[in-house]
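Structure first, commentary second.
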Amino acid sequence: MTAQTQQTARPAAQQQGSHHFVLTLQKPHGGGFISATFANTFTPRPGDTRADIYEVLFEQVTRANPELAKANVMFFSLEPNGL
């Protein structure tokens, strides 16, 4: 008697970035303020500095959300994504 094994294909796990960031922006709008917080993972290129990543993330977020162009940064955190 022979045993048969069945292999099931799993979807590839989505790769997480090596760092986790949180970026909060605020800008005057009308009679008040508009503010938003963004969080995700990010993998820097070799040689990137914390300042490089800050500039890239700020540019990406404000390009995707033009209402936040020239917003003030209220909070920025960039930490390794491991536990």
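Put simply, the side chain of Lys27 gets close to the backbone of Ala69: a donor and an acceptor are under 3.5 Å apart.
Within the hydrophobic cluster formed by Ile, Leu, Val, Met, Phe, Trp and Tyr side chains joined at under 4.5 Å, directly or through other members, Leu25 is accompanied by Phe21, Leu23, Ile34, Phe38, Phe42, Ile53, Tyr54, Val56, Leu57, Phe58, Val61, Leu68, Val73, Phe76, Leu78.
His20 contributes atom NE2, which lies 7.5 Å from atom OG1 of Thr41 (distance to the nearest 0.5 angstrom).
Side-chain contact between Thr37 and Phe75 is absent, with no heavy-atom pair separated by less than 4.5 Å.
Thr43 approaches Gly17 most closely through the heavy-atom pair OG1-CA, 3.1 Å.
Legend: residues meeting side-chain contact (heavy atoms from CB on, under 4.5 Å) with Ala64, ordered by chain and number and at least two apart, are absent. Here Ser18 pairs with nothing under the side chain to side chain donor-acceptor pair (under 3.5 Å) rule; sequence neighbours left out.
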